[in-house]
Student: 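Handing you this structure, nothing more for now.
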Amino acid sequence: MASSDVNWDRLDKTKFFVVGAGLFTGVTVALYPVSVVKTRLQVASKDTPERNALSVVKGLLKTDGIRGLYKGFLTVMTGTIPTRIIFLTALETTKVASLRMLEPFRLSDTTQTAISNGVAGMTSSLLAQAMFVPIDVVSQKLMVQGYSGHTQYRGGLDVARKVLRSDGIRGLYRGFGLSVMTYVPSSAVWWASYGSSKHYLWRILGDNSGEEGTPSLQKIMLVQATGGIIAGATASSITTPLDTIKTRLQVTGLEKKISVKQVVKDLILEDGWKGLYRGLGPRFFSMSAWGTSMILAYEYLSKSSSLISPYLYNPVCLFWLSS
């Protein structure tokens with residue numbers, strides 16, 4: 001197989017960001033309703049009649065039409081496009097710097113890649129979360145407004161004003177620690193599962209390379225899509241409890257202060273331990289579809305940038321973009 005590292009120095013950065021913004025926006029439009037459904041399921045109280053994905057979708061369509069499936073969408077898009085650009089830049093530049101720092105240690109290529117990707121992923125994820133959590137807080141409040149007793153808002157700016165008035169800047173970072181704790185292990189589990197399942201699938205299919213020593217595009221897409229589904233199932237099963245707790249913390253009413261311990265108690269009281277897995281189905285679908293879509297989008301993006309091989313991709317960055 002070809003190397004899995006993109007050479008940042010050889011990348012056509014203008015085309016990378018312009019085309020990338022369009023591709024990632026398209027995927028966001030297609031899969032955003034899944035996030036709305038997941039978030040609503042996670043915050044539903046025991047008295048809420050809509051307790052499964054289908055009933056949530058029906059309720060949204062009945063009250064708001066298609067627009068209901070895109071509550072908070074403009075807020076998300078306003079914040080995530082520049083955040084993703086900053087994330088990708090930080091990720092790639094940090095990875096290159098890490099590789100250069102590791103050169104004197106004469107480590108194997110596999111070890112160097114693992115360490116540099118890990119350092120770059122952690123650094124850029126922390127930076128991204130510092131910028132994205134306020135967007136997450138605002139968009140999730142918009143997603144659940146009017147549902148299960150949650151406050152109605154006039155838009156993203158109205159949410160931000162009320163949060164700042166009630167809790168100051170700290171209110172926009174509610175759940176920051178849990179966000180980091182959710183996305184970092186999610187990324188680790190997703191990519192560990194993806195890498196191992198992809199390796200196993202290549203062994204089953206046989207790495208029948210083409211004339212240029214590269215597997216056919218169809219085979220690459222098959223392996224990546226299947227690996228993405230397996231990784232999504234594994235990561236969502238392990239990390240959904242953290243995501244459920246984080247979401248509940250972030251959408252709690254401004255007048256009500258609540259702790260992680262109380263959130264866990266409420267979930268168990270309402271539904272038993274399975275309450276921690278609310279929204280597992282939509283989250284599994286979202287993680288699988290997002291991850292696979294982003295990998296395939298990045299394949300096209302790297303090919304269209306022309307300065308790098310069409311079969312190179314950077315797996316570390318894509319998980320955050322899909323979360």
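Below, each value reflects all heavy atoms present in this structure, side chains not excepted, and no hydrogens, waters or symmetry copies.
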Student: Quick one: closest heavy-atom pair of Gly72 and Ser139, and the distance?
Tutor: O-CB, 4.0 Å
Student: Among Leu60, Val57, Val251, whose side-chain contact (heavy atoms from CB on, under 4.5 Å) with Arg40 holds?
Tutor: Leu60
Student: Could you walk me through whether Phe285 and Leu31 satisfy the side chain to side chain contact (heavy atoms under 4.5 Å, CB included) test, starting with their C-alpha distance in whole Å, then the side-chain angles of each, then the deciding distance to 0.1 Å, before giving a yes or no?
Tutor: CA-CA 9 Å; Phe285 177 81; Leu31 296 177; 4.0 Å; yes
Student: Okay, side chain of Thr226, backbone of Val223: is any donor-acceptor separation there less than 3.5 Å?
Tutor: no
Student: If you take all heavy atoms of Gln129 and Ser179, which pair is closest and at what distance?
Tutor: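 That closest heavy-atom pairing would be OE1-CB, 3.3 Å.
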Student: Would you give the length of the straight line joining atom CD of Gln250 to atom OG1 of Thr39, rounded to the nearest 0.5 angstrom?
Tutor: 9.5 Å
Student: Go through the steps for Tyr153 and Val138 under the test side chain to side chain contact (heavy atoms under 4.5 Å, CB included), then give the verdict.
Tutor: CA-CA 10 Å; Tyr153 298 97; Val138 172; over 6 Å; no
Student: Can you name the nearest heavy-atom pair linking Val36 to Gly68, along with the distance?
Tutor: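 Between these two residues, the closest heavy atoms are CG1-O, 4.1 Å.
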Student: Run the side chain to side chain contact (heavy atoms under 4.5 Å, CB included) test on Ile229 and Phe284 for me, step by step, so that the C-alpha distance in whole Å, both residues' side-chain angles and the decisive distance to 0.1 Å come before the verdict.
Tutor: CA-CA 8 Å; Ile229 293 172; Phe284 156 61; 4.2 Å; yes
Student: Please check if the number of heavy atoms outside Leu61 that lie under 6.0 Å from its CG is greater than 12.
Tutor: yes
Student: Given Lys38 and Asp243, is the salt bridge (Lys or Arg N to Asp or Glu O under 4.0 Å) satisfied, shown in steps?
Tutor: CA-CA 10 Å; Lys38 174 192 74 77; Asp243 188 61; 2.8 Å; yes
Student: Are the side chains of Gln140 and Val43 in contact, using a 4.5 Å heavy-atom criterion?
Tutor: no
Student: Please determine whether residues Val144 and Val56 belong to a single hydrophobic cluster, defined as Ile, Leu, Val, Met, Phe, Trp and Tyr linked transitively by side-chain heavy-atom distances below 4.5 Å.
Tutor: yes
Student: Could you go step by step and tell me if Gln145 and His150 meet the side chain to side chain contact (heavy atoms under 4.5 Å, CB included) rule?
Tutor: CA-CA 5 Å; Gln145 61 178 328; His150 287 276; 5.6 Å; no
Student: Quick one: do the Arg283 and Thr239 side chains pair a donor with an acceptor below 3.5 Å?
Tutor: yes
Student: Below 4.5 Å, heavy atoms only, C-beta onward: do Val264 and Ile245 meet side chain to side chain?
Tutor: yes
Student: Measure the spacing between OG1 of Thr151 and CG of Leu142 and express it to the nearest 0.5 Å.
Tutor: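 That separation rounds to 11.5 Å.
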Student: For Phe176, I'd like to know if atom CZ has over 12 heavy atoms of other residues, nucleotides or ligands within 6.0 Å.
Tutor: yes
Student: Same cluster for Met287 and Ile230 if Ile/Leu/Val/Met/Phe/Trp/Tyr side chains link at under 4.5 Å?
Tutor: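 Unlinked, Met287 and Ile230 end up in two clusters.
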Student: Can you say whether the rings of Tyr32 and Phe73 are parallel (under 30°), tilted (30 to 60°) or perpendicular (over 60°)?
Tutor: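 Ring orientation, 0 to 90° scale: perpendicular.
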Student: Decide whether Leu201 and Leu222 are clustered together by the hydrophobic rule: side chain heavy atoms of Ile, Leu, Val, Met, Phe, Trp, Tyr closer than 4.5 Å, transitively.
Tutor: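 The answer is yes; both residues are in one hydrophobic cluster.
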Student: Strictly below 4.0 Å, N to O, side chains only: are Lys246 and Asp136 in salt-bridge contact?
Tutor: yes
Student: Keeping the roles fixed (side chain from Asp167, backbone from Arg170), state whether a donor-acceptor pair exists under 3.5 Å.
Tutor: no
Student: At what distance, to the nearest 0.5 angstrom, does CE of Met77 lie from OG1 of Thr28?
Tutor: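 Met77 CE to Thr28 OG1: 5.0 Å, rounded to 0.5 Å.
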Student: Are Leu157 and Phe132 co-members of a hydrophobic cluster defined by side-chain heavy atoms under 4.5 Å apart?
Tutor: no
Student: In Å and rounded to the nearest 0.5 Å, what is the CG to CG distance from Leu164 to Leu172?
Tutor: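 CG of Leu172 is found 4.5 Å from CG of Leu164.
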Student: What's the shortest heavy-atom distance between Gly156 and Thr75, and which atoms?
Tutor: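 Closest approach of Gly156 to Thr75, heavy atoms only: CA-OG1, 3.8 Å.
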Student: About how many Å separate CD of Gln262 and CG of Leu269, when rounded to the nearest 0.5 Å?
Tutor: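 Answer for the CG-CD pair, Leu269 versus Gln262, is 9.0 Å.
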Student: Identify the two heavy atoms, one from Ser237 and one from Tyr277, that lie closest to each other, and give their separation to 0.1 Å.
Tutor: O-CE2, 3.0 Å
Student: With a 4.5 Å cut-off on side-chain heavy-atom distances among I, L, V, M, F, W and Y, is there a chain of contacts connecting Leu69 to Leu54?
Tutor: no
Student: So how far is it from Thr244 OG1 to Arg278 CZ, rounded to the nearest 0.5 Å?
Tutor: 8.5 Å
Student: At their closest point, which heavy atom of Leu280 faces which heavy atom of Ser236, and how far apart are they?
Tutor: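 Minimum heavy-atom separation between Leu280 and Ser236: CD1-O, 3.6 Å.
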Student: Is Met181 atom CE crowded by more than 12 heavy atoms from other residues, nucleotides or ligands, each under 6.0 Å away?
Tutor: no
